[in-house]
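Order of the sequence lines fixes the chain letters, A, B, ..., with proteins taken first and strands second; residue numbering starts at 1 for each chain. A quick note: this is a predicted structure, and the numbers were derived from the prediction, not measured. No hydrogens, no waters, no symmetry mates; every other heavy atom, side chains included, goes into these values.
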Amino acid sequence: MTTLQQELGRRLAAALEQVLGAGHGGDPAVVAASDRRFGDYQSNVAMVLAKQVRRNPRELAGRLIGALDLAGVGSAEIAGPGFINFRVGAECLAGRAAAMLGDARLGLPRTGAGRRVVVDFSAPNVAKPMHVGHIRSTIIGDSLARVARALGHEVITDNHIGDWGTQFGMILHGWKTCRDEAALERDPVGELVRVYREVNERANGSPEVLEQCRQELVRLQQGDPANLEIWRRCVELSKAGLQRIYDRLDIRFDHWLGESWYNDRLGPLVDDFLARGLARVSEGAVCVFSDGSLPPDDDPFRIHNEGGWTDNPMLIRKGDGGFLYATTDLATLDFRLREWRADEVWYVVGAPQQLHFRQVFAAARRWGRDAAFRHVAFGSILGEDRKLMKTRSGRNVQLGEVLDEAVERAAAVVAEKNPALDDGEAAAVAEVVGLGAVKFAELSQHRLTDYVFSWDRMLALHGDTAPYLQYSHVRIRSIFRRLDRPFDPAAAQLRLDAAEELALARLLVRYPEVVPAVLDDFRPNLLAGHLLETARAFHAFFEACPVLRAGEAVRASRLALCELTARVLAAGLGLLGIRVPERM
RNA sequence: GCCCCCGUAGUUCAAUGGAUAGAACGGAGGUUUCCUAAACCUUAAAUGCAGGUUCGAUUCCUGCCGGGGGCACCA
C-alpha cells in the first residue's frame, strides 16, 4: 500500500518525464500542503526547476499539470508563483480510509526492511538514582525503537548501563562504612542511593575519604573477591529496581550489556590501536590524535584555542592504566557491528556528549568499523536556576517520584470526572493517564529543546497532552458500546460529505506518511503533533456529525470513520509508548 | 579563546527553504433536555538585532546581543 504522498509523487514524476524528458534531475517533492486553503498536497518542483530549464515557473507548472494523470485521485491547479496544488477527491480519501481499515499495519510502509538497527538508550548508572534527567533518553529512545520496528527495521534495544564506573569507589566505601542492612532489605535502591549520597557529601572537601574511595575502586578493578561480591550484589539490586520502573513504563530491552561486560575487551582494543598506529602514548596516556584527513574545523581531534589549532586527543587509556568512557564505547561499537551485524547504531544521549561521539565515530571508522552511526542528541533539563541538573547534587527529583506524582494527580482527576468507575478500574486508568502525560510531555516537543523542569508542565492533563488523545479514543469506544448490533468496519461503505468528515479523513490517511518522517531526523514530536491534529479534527467532526442518530448508510460510514480514528490514535500513541484506556 | 545547541504570542511549545507563522495554557466571550464538557465554538496576542544568498528565509550564510553546554586522564 503506497501513501497518497508517494502516489502523487509518482504521477508527478511521470509528468516531469513527459514534459522535460528523462534525466531532468527534478525531484517531484510532493508534500502536505502548508495550509488547507492551498489544497491537500503541494509541489514546488516547477519553481525549483524553472531556473535550470530557463522557463517561466508558472508556465512550466501549467505544462506539468497538463501532462498529469490524476485519475482516481483528484485534481491539480497552479497557484501563486508556480505552486502545483493538489486536491484529493472525497472518493479517493474514502477508498484509502477503507483500505487502512482492512490493513493491520494501517498502511505503514516498510521503509526499514532489511536494516538492522541497534538503539542505545536510557543507560542509567547502577547504584545512582534515575532522576528526571534520565527521562529523555529513556522515553525518546523507546519511542524511536517502536517506530523503527513498526517500519520494518530489525531493532535491537540495548541498555548500556553504567555498572563499572568510578562511582563504585564511593559505593564500596559507603557499603563498608555506613550501610544499613535493614534498610537495604526494605528498600534496596533507596538505601544504595542514600549511601552514595552520604559518601559523596563526606568526600566533598575531604581528600582522605576521596583517597579511600579511590583505593576501593582500584581493589575492585584488580579483582578483589570481597569487593567483587559487593559489586555484584549492588548491580543485582539496582537492576531489579530499574526493571520495576521499566515495567511500569512498558519499556523492554533486548539486552543489558553494561560497561562491565566489555571489561576484558578493553586491553586488547588499546593494544590493537597502538599496533595499528591509530593511537600513541602522550603524557603517559594512550591517545587517538588527528590523522590530518579532515579539515581542521571538521576534525574532532583538533581544537582552536588561544594558540591556534591544537590537538584535542581522545584518551583511551589513562596514565595509571585505567580505561575510559571512549574505550568502552569503542569496544561496544565493535561488538554491535561484528557480533550483531548492525547496519545502524543510534545513540540516544544528551547533546553535551556531542564531541565525544564525533570522536568515537571518527576513531571507529579509522579502525575499520563503519556503519550508519547516529548520535540522537537531546536538550538538557534545567533546574529552576536555568542551570543543568547535576546528578551529584542529590536535590534532583527522582524518576520514580515523577511517575508517582503523575499517577496521583491523574487519580484525582479520574475520581472527579468519572466517579462511576470502580476502584480497580479507576486506578488502572490513573496509571495509564498519568504515565501517558509524562511521556507525551517529553515526546511532543523537539528533542533538542532545553527546558526547565516543572511539575505542572510535565504532568499537565489538559490541552496538548496524552489525556486529550486518550479521551478522544475513549469517546469513540463509548459509541461502540452503545451499539445495538455488531458493526463490521470492513463491510462498511465510506462516504465523506461533511467538511468535518473530509478534514478528519485527510489527516487519517496521512498517518502512514507521518510515521516514517519521524525517523528522517529522529523526531517523535512530528507524530505527537499529527495525533493532536487528528484528535482535534475528530472532536470537531464529533460535535458536528451525529453518528448513532444518523440514517443507516451515513451511520455505517461514520462508524467506520470513528473506528479508523480510534485505531490510528491507539497505534500512534503505541508508537510513543503510551497506552489507551477503554473508558476514563 | 574556540566549537556545538537554543532565542517565535503574556507563558510553554510547533512549523522537510514556500504562500496570510500553527497549537496549548492563561485572558475575553459563548455552547450541555443531544453518542463522556478531560470536549467544542468565537476572539486578542509573536519570529532577539543587523546584513547576505534566494522567485521566496522562523528555517541557509556572516556579524552582534542573550541563554545553555563542551574542550587530556569522570561517565
Side-chain angles (χ1 to χ4, degrees), chain A residues 29 31-35 37-38 42 44 47-48 50-51 57 79-83 85 123 125 162 164-167 259 282-287 297 300 303-320 322-326 328-329 350-356 358 377 379-380 382 386-388 391 413-414 416-418 420 433 441 444-446 448-452 454 456-457 460-465 467-468 470-472 474-476 478-483 517 520-521 525-526 528-529 532-533 536 539-540 542-544 546-550 562 583-584:
Chain A
V31 295
S34 58
D35 190 305
R37 291 186 303 262
F38 308 130
Q42 65 182 58
N44 314 319
M47 290 179 291
V48 175
K51 200 160 205 177
F83 292 100
N85 289 343
N125 284 315
W164 197 252
T166 46
Q167 80 266 27
E259 290 166 346
S282 163
E283 296 172 31
V286 178
C287 306
D297 47 348
I303 198 167
H304 197 282
N305 56 29
E306 293 89 343
W309 290 102
T310 59
D311 286 321
N312 180 42
M314 178 177 75
L315 275 65
I316 56 174
R317 194 171 71 200
K318 298 192 278 185
D320 67 5
F323 303 107
L324 295 116
Y325 185 24
T328 315
D329 265 359
Q353 317 265 345
Q354 206 209 61
L355 178 61
H356 165 76
R358 284 181 59 213
S380 307
L382 311 175
R386 288 206 56 83
K387 297 283 186 197
L388 210 60
T391 316
V413 177
V414 172
E416 177 205 330
K417 298 289 183 186
N418 200 345
V433 168
S444 59
Q445 73 184 344
H446 194 292
L448 284 170
T449 307
D450 291 344
Y451 64 87
V452 175
S454 135
D456 286 342
R457 133 201 202 96
L461 302 174
H462 297 275
D464 284 351
T465 62
Y468 176 70
Q470 291 165 325
Y471 177 68
S472 312
V474 160
R475 284 190 83 167
I476 297 171
S478 158
I479 299 171
F480 286 94
R481 274 197 300 276
R482 289 169 169 270
L483 237 39
D520 287 348
D521 197 30
N525 71 308
L526 294 178
L532 286 170
E533 256 191 276
R536 265 182 233 119
H539 283 293
F542 202 61
E543 293 284 328
V547 177
L548 293 177
R549 285 180 286 120
C562 285
R583 68 188 96 209
M584 63 191 271

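In this model, the phosphate group of B:U36 is approached by a side-chain N or O of A:Arg482 to a distance below 4.0 Å at OP1 or OP2. Regarding contacts with the backbone of B:C13, every side-chain N or O of A:Thr449 stays at 4.0 angstrom or more from both OP1 and OP2.
Judged by atom type and distance alone, A:Asn85 reaches the base of B:A19 through a side-chain donor-acceptor pair under 3.5 Å. Side-chain atoms of A:Thr465 stay outside donor-acceptor range of the base of B:A24, with no qualifying N/O pair under 3.5 Å. For A:Gln42 and B:A19, a side-chain-to-base donor-acceptor distance below 3.5 Å is present, hydrogens and geometry of angles not being considered.
Separation of atoms CG (A:Asp464) and CG (A:Leu532) is listed at 4.5 Å; rounding is to 0.5 Å.
For A:Val48, taking side-chain heavy atoms from C-beta onward, the closest of the listed nucleotides B:A38, B:G18, B:C71 is B:G18. Checking B:U36, B:G18, B:A19 against the side-chain heavy atoms of A:Asn44 singles out B:G18 as nearest. Of all nucleotides listed (B:U36, B:G68, B:A19), B:G68 comes nearest to the side chain of A:Leu382. The side chain of A:Gln445 lies closest to B:A14 when the candidates are B:A14, B:A72, B:C55. In this structure, of B:A72, B:G18, B:A24, it is B:A72 that holds the atom nearest to the side chain of A:Pro313. Looking at the side chain of A:Arg37, the nearest of the listed nucleotides B:U20, B:A75, B:U36 is B:U20. With B:A14, B:A72, B:A38 as the candidates, the nucleotide lying closest to the side chain of A:Lys417 is B:A38. You'll find that the side chain of A:Val413 is closest to B:A38, out of B:U16, B:A38, B:A72. Closest approach to the A:Pro352 side chain among B:A75, B:G69, B:A39 is made by B:G69 (side chain taken as heavy atoms from C-beta onward).
Across all strands shown, A:Tyr468 has heavy atoms under 4.0 Å from sugar-phosphate atoms exclusively, and none from any base. Looking at heavy-atom distances under 4.0 Å, A:Phe542 makes contact with a base. Using a 4.0 Å heavy-atom cutoff across all strands shown, A:His446 reaches sugar-phosphate atoms only and no base atom. Across all strands shown, A:Leu548 has heavy atoms under 4.0 Å from base atoms, whether or not it also approaches the sugar-phosphate. At a threshold of 4.0 angstrom between heavy atoms, the contacts of A:Val286 with the nucleic acid are absent.
Look at A:Phe83 and the base of B:G18; the rings do not stack under the cut-offs of 5.5 Å between centres and 30° between planes.
The shortest side-chain heavy-atom distance between A:Phe83 and A:Met47 falls under the 4.5 Å cut-off. Side-chain contact between A:Tyr471 and A:Lys417: absent, with no pair of heavy atoms (C-beta onward) separated by less than 4.5 Å. Residues A:Ile479 and A:Arg475 have side chains not in contact (no heavy-atom distance under 4.5 Å, counting atoms from C-beta outward).
Atom CG in A:Leu355 sits about 15 Å away from atom C1' in B:C74, given to the nearest Å. As a whole-Å value, the separation of A:Arg475 CZ from B:U36 P is 7 Å.
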